Q: 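One structure, pasted below without further comment.
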Amino acid sequence: MAKRALPYKDDFLKFGFTEIKDRSGLKNNQYWSNCVGIFSDGAPAMLGNRIGFCKRVQEVNSNVVIIHCFLHRENLATRAIQPELNSVLQDVIQIVNFIKARALNSRIFHAMCDEMGAQFVNLLYHSDVRWLSRGKILKRVMSLRLEIHIFLKEKKHSLADKFNDDLWVSKLAFLSDIFGRLNELNIEMQGKNRTMVNIGEKISSFKQKLEKLSRGKIATFTLLSEFLEDSTKITLDDIKLLLQEYLNKLQLELDRYIPENVELSKYSWVRNPFEISVHQVGEDICGFQKELLDLQADQVVKENFSQKCLTQFWAQLKDKPILKRESEKALLPFPTTYLCEAGFSTLVVIKTKYRNRLDPQHDMRCALSMNINPNIEELVESVQHH
């Protein structure tokens, strides 16, 4: 991760990263030659081709894999919005700010939604730095569009007439649907046990669905379909061309930022080694195919595969050193910055302004490793018995 304007920068550097002080890569008994991959948010300080962090690591270990966080790339791909649709998004942000930025307006709107029995009683602020913000704010405004229209009309706001325009509301419904699906993809890529293999599959699946939608099956969008069924002034044909252009553009941006990874196709056997032919995995290097055949013939291991996640399954195969070593190349690199961001959030919660003298080393270790079972025997042997 690149440097960020955080209140306790020294703590983040202390617990998250080490410096590269010499060519050997030794620092705190850690060798850079053991580093498999580096994931980054794409900041210039990380990816600089001369003095960037990744470049300095590659000078010590040329085999390290550099990965640009898939979450950041997905967010960058969704920023390209057509002017006609972007104007709708900006109108929504302006409406939300008008209601939320004034305490009186916010209280009146809350009471009105409560009296009308609305599903929600508050709007959500928009924030560019939050990945799920656009999808959530659009869905909330679409859900409360009747209440918002009444409120803006009473306040004589200039954007009140937008909710009488079926074309504008249909664009709002479409944006709510498409960003809702992008949010679902983003959430699926988050988590502790995510690897490049399953994230690559999720992105590939989303691209295939997007391609089908761009070919004319855009009526599957829930909010847009419900609105068009109730509307008598507009049909799908009136906005179909605009929506298809946006979907095609989104597909191009996703291909640009997240191209099909040829390297991942080599590790398709990692996802399910029992449903692939040994002839599809390439040449037999140092007995690779032999170990794969032995693995496929072991019914006990096959049953164990269905009960554990990928990382746990391949980590336990100590009697298959070649398969284990090759699988590590696909499973060890972090595909996203999720775990790092989770560490940032944990530290902010633990070390507040009221505890600014706290050394959170042990608290961080406990908070971030709660799902790790301690080795009691090793811990007992490391202390003197009384």
Side-chain angles (χ1 to χ4, degrees), residues 73-98 123-124 126-128 130-149 152-153 157-186 203-259:
R73 282 194 275 178
E74 186 251 1
N75 186 44
L76 290 172
T78 59
R79 288 181 176 272
I81 305 177
Q82 292 170 288
E84 294 183 48
L85 296 176
N86 188 55
S87 63
V88 176
L89 177 60
Q90 297 304 317
D91 290 340
V92 170
I93 295 174
Q94 186 176 347
I95 291 170
V96 172
N97 290 341
F98 172 76
L123 296 174
L124 302 174
H126 174 262
S127 176
D128 278 331
R130 296 184 180 274
W131 296 325
L132 309 179
S133 178
R134 281 176 294 182
K136 289 185 176 181
I137 184 180
L138 288 167
K139 186 176 180 179
R140 183 64 61 88
V141 170
M142 186 64 188
S143 176
L144 297 175
R145 64 183 184 276
L146 175 61
E147 291 79 6
I148 295 175
H149 181 213
L152 295 179
K153 194 172 182 180
H157 196 276
S158 58
L159 294 177
D161 295 335
K162 291 290 185 181
F163 291 92
N164 288 327
D165 185 356
D166 283 11
L167 180 61
W168 186 89
V169 178
S170 65
K171 295 176 183 178
L172 171 63
F174 170 74
L175 288 176
S176 302
D177 282 324
I178 188 62
F179 278 107
R181 296 200 175 190
L182 288 169
N183 283 0
E184 292 175 1
L185 173 64
N186 194 292
I203 294 175
S204 178
S205 174
F206 182 81
K207 287 182 179 180
Q208 293 176 6
K209 295 176 182 177
L210 199 63
E211 185 177 357
K212 291 182 180 179
L213 293 174
S214 62
R215 290 178 180 176
K217 297 183 179 181
I218 54 181
T220 56
F221 289 123
T222 307
L223 295 177
L224 178 60
S225 299
E226 292 177 355
F227 175 76
L228 292 177
E229 289 178 1
D230 298 335
S231 176
T232 57
K233 301 179 181 179
I234 189 174
T235 63
L236 180 60
D237 295 332
D238 297 326
I239 59 172
K240 187 174 182 179
L241 182 60
L242 174 64
L243 305 189
Q244 286 180 339
E245 290 178 356
Y246 172 76
L247 292 174
N248 292 331
K249 187 174 183 180
L250 177 60
Q251 190 172 4
L252 291 175
E253 290 295 313
L254 286 173
D255 291 335
R256 173 189 170 192
Y257 284 100
I258 315 178

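Remember, predicted model here, so these are calculated numbers, not experimental data. Numbers for residues simply follow the sequence, beginning at 1.
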Q: Working to the nearest 0.5 Å, report the span between CD1 of I148 and NE2 of H157.
A: 11.5 Å
Q: In Å, rounded to the nearest 0.5 Å, how long is the span from CG of N183 to OG of S176?
A: 10.5 Å
Q: So which atom in E147 and which in S143 form the shortest heavy-atom distance, rounded to 0.1 Å?
A: OE1-O, 4.2 Å
Q: With side chain to side chain contact (heavy atoms under 4.5 Å, CB included) as the criterion, how do Q251 and D255 come out once you've worked through the C-alpha distance, each side chain's angles and the decisive distance to 0.1 Å?
A: CA-CA 6 Å; Q251 190 172 4; D255 291 335; 4.1 Å; yes
Q: Would you say L182 and F206 make side-chain contact, with heavy atoms under 4.5 Å?
A: yes
Q: Working to the nearest 0.5 angstrom, can you tell me the gap between I178 CD1 and L210 CG?
A: 5.5 Å
Q: Please report the C-alpha distance between S133 and D128 in whole Å, then the side-chain angles of each, then the deciding distance to 0.1 Å, and finally whether the side chain to side chain contact (heavy atoms under 4.5 Å, CB included) criterion is met.
A: CA-CA 7 Å; S133 178; D128 278 331; over 6 Å; no
Q: To the nearest 0.5 angstrom, please state how far the CG atom of L236 sits from the CG atom of L241.
A: 11.5 Å
Q: With a 4.5 Å heavy-atom cut-off, do I203 and R73 have their side chains touching?
A: no
Q: May I have the list of side-chain donor-acceptor pairs in residues 81-98 shorter than 3.5 Å, sequence neighbours left out?
A:
unit_1	atom_1	unit_2	atom_2	d
Q82	OE1	Y246	N	3.1
Q82	NE2	E245	OE1	3.2
S87	OG	P83	O	3.4
S87	OG	E84	O	2.8
D91	OD2	W168	NE1	3.2
N97	ND2	I93	O	3.3

Q: So, do L172 and F227 sit near enough that their side-chain heavy atoms are less than 4.5 Å apart?
A: no
Q: Begin from the C-alpha positions of L228 and I234 and carry the test side chain to side chain contact (heavy atoms under 4.5 Å, CB included) through to its verdict.
A: CA-CA 7 Å; L228 292 177; I234 189 174; 4.0 Å; yes
Q: If you look at every heavy atom in R134 and I137, which pair is closest and at what distance?
A: O-CG2, 3.2 Å
Q: With the side chain counted from C-beta on, respond yes when K153 and F163 share a heavy-atom pair under 4.5 Å apart, and no when they do not.
A: no
Q: Taking all heavy atoms of A77 and all of E253, pick out the closest pair and write down the distance.
A: O-CB, 3.4 Å
Q: CG of N186 to CZ of F179: how many Å apart, nearest 0.5 Å?
A: 12.0 Å
Q: Say you draw a straight line from CZ of F174 to CG of L138; how long is it, rounded to the nearest 0.5 Å?
A: 11.5 Å
Q: Apply the test side chain to side chain contact (heavy atoms under 4.5 Å, CB included) to residues E211 and L247: give CA-CA distance (whole Å), side-chain angles for both, the deciding distance (0.1 Å), then the verdict.
A: CA-CA 8 Å; E211 185 177 357; L247 292 174; over 6 Å; no
Q: Does K136 have more than 12 heavy atoms from other residues, nucleotides or ligands lying within 6.0 Å of its NZ?
A: no
Q: Considering residues at least two apart in sequence or located in another chain, which fulfil the salt bridge (charged side-chain N to carboxylate O under 4.0 Å, His left out) criterion with D238?
A: none
